[in-house]
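Quick note on labels: first sequence line is chain A, next is B, and so on, each numbered from 1. Reckoned from all heavy atoms, side chains included, excluding hydrogens, waters and symmetry mates. Keep in mind that this is a model prediction, so the values were computed, not measured.
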2 protein chains.
Amino acid sequence: MTKNDQHDLPVNPDLVLIGQALKIISGKWRLYIILLVGDETRRYSELNESLPAISEKVLAGELKALVALGVLDRKVYAEIPPRVEYTLTSKGRLTLPILKQILEIGRIFNY
Amino acid sequence: MTKNDQHDLPVNPDLVLIGQALKIISGKWRLYIILLVGDETRRYSELNESLPAISEKVLAGELKALVALGVLDRKVYAEIPPRVEYTLTSKGRLTLPILKQILEIGRIFNY
DNA sequence: CAGCATCCTTTGAGATACTG
DNA sequence: CAGTATCTCAAAGGATGCTG
């Protein structure tokens, strides 16, 4: 029976889910990227231009992470010049309506 | 007509709202704190115990920030020992159902 | 009890040059 | 075009001791 024994506090199972969700959406650019892709197919250069303030390194890193997390699909076309397209996975699409709700928070605190 | 002229890209007004929302919810602890307060009244010590991994400095700082942002109300009781209680403001309460939706994202990527 | 002050470590992010 | 490699920096977060 340690001090942190589970019986001490009824651990809120939601806290675990928050952690899972934060793995997906936390960071300065995640929400922007996921919402910009939306239901479309986006090329790297499109995203780069839509987010002028992001650096190439960060964008490439975030895209790679989101692919690894199963949020984005990455499709490479063997063309010259190269073309790479990103779309939401089925799981990624499930998050879309939720992320759009987050925009409401912006509205709430804007006026 | 500069390169960044607004006419060049139909700037997504949602991007602005994301920025507003991120001011409220971004960071490692914001979601936890807001959801833990929920519809209840929480003391500093309660929050501190519910989030064993947070340091006192960070918790105090986040609470102060959330009060400044208009998310939390802070009520001090002139007692000994001191008692400080936090509740959501009316705006803060408006975010609750949205933040609860975010838990769904955790579920989506958990299985 | 509910913090603040100080110091320190870690992480995220930006700039730039370069490559398949 | 779509990235990588390096370097650098700022900010977030953590540990600890102290106080009204």
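We find that CD of A:E79 is positioned 20 Å from P of C:dG20, with the value rounded to whole Å. The distance from atom CH2 of B:W29 to atom P of D:dA11 is 22 Å, rounded to the nearest whole Å. Distance CZ (B:R43) to C1' (C:dG3): 13 Å, rounded to an integer number of Å. As a whole-Å value, the separation of B:L22 CG from C:dA13 C1' is 15 Å. When the C1' atom of D:dA2 is taken as reference, atom NZ of A:K64 falls 12 Å away, rounded to whole Å. Between B:I33 atom CD1 and C:dA2 atom P the separation is 15 Å, expressed in whole Å. One can place CG of B:L51 at 14 Å from P of C:dA2, the figure rounded to the nearest angstrom. Here D:dC1 presents its C1' atom at 18 Å from NZ of A:K75, a figure rounded to the nearest Å.
In terms of phosphate contacts, A:K57 brings no side-chain nitrogen or oxygen within less than 4.0 Å of OP1 or OP2 of C:dG12. Phosphate contact (OP1/OP2 of C:dG3, side-chain N/O of B:Y86, threshold under 4.0 Å): present. The side chain of B:R74 places an N or O atom within less than 4.0 Å of a non-bridging phosphate oxygen (OP1 or OP2) of C:dG3. An OP1 or OP2 oxygen of C:dA13 is reached within less than 4.0 angstrom by no side-chain nitrogen or oxygen of A:S55. Neither OP1 nor OP2 of D:dC1 sits under 4.0 Å from any side-chain N or O of A:S45. Between B:K28 and D:dG14 there is a side-chain polar atom (N or O) within less than 4.0 angstrom of OP1 or OP2.
Here the nucleotide nearest the side chain of A:E56, chosen from C:dA17, C:dG3, C:dA13, is C:dA17. Listed nucleotides C:dG3, D:dG20, D:dG14 differ in distance to B:Y44; the shortest reach to its side chain belongs to C:dG3. Distances were taken from every side-chain heavy atom of B:P82 (C-beta onward) to each of D:dG13, D:dG20, C:dG14; the shortest belongs to D:dG20. In this structure, of D:dG13, D:dG3, C:dA13, it is D:dG3 that holds the atom nearest to the side chain of A:V84.
Residue contacts shown for A:G61 are absent, as no nucleic acid heavy atom lies under 4.0 Å away. Nucleic acid contact for A:Y77: none, since no nucleic acid atom lies under 4.0 Å from a heavy atom of the residue.
Residues A:I33 and A:L51 form a side-chain contact, since some pair of their non-hydrogen atoms from C-beta on lies under 4.5 Å apart.
A side-chain contact (heavy atoms from CB on, under 4.5 Å) with B:V71 holds for exactly one of B:L63, B:I24, B:V37; it is B:I24.
Along DNA chain D, the nucleotide nearest to A:A60 and the one nearest to A:P81 differ in position, and the one closer to the 5' end is contacted by A:P81.
Side-chain atoms of A:T41 never come within 3.5 Å of backbone atoms of A:E85 as a donor-acceptor pair (strictly under, hydrogens ignored). Remark: the backbone N or O of A:L36 is paired with a side-chain donor or acceptor of A:R42 at under 3.5 angstrom.
Considering all non-hydrogen atoms of both residues, B:A21 and A:I102 come closest at CB-O, 3.5 Å. Scanning all heavy atoms of the two residues, the minimum distance from A:L88 to A:R93 falls at O-NH1, 3.0 Å.
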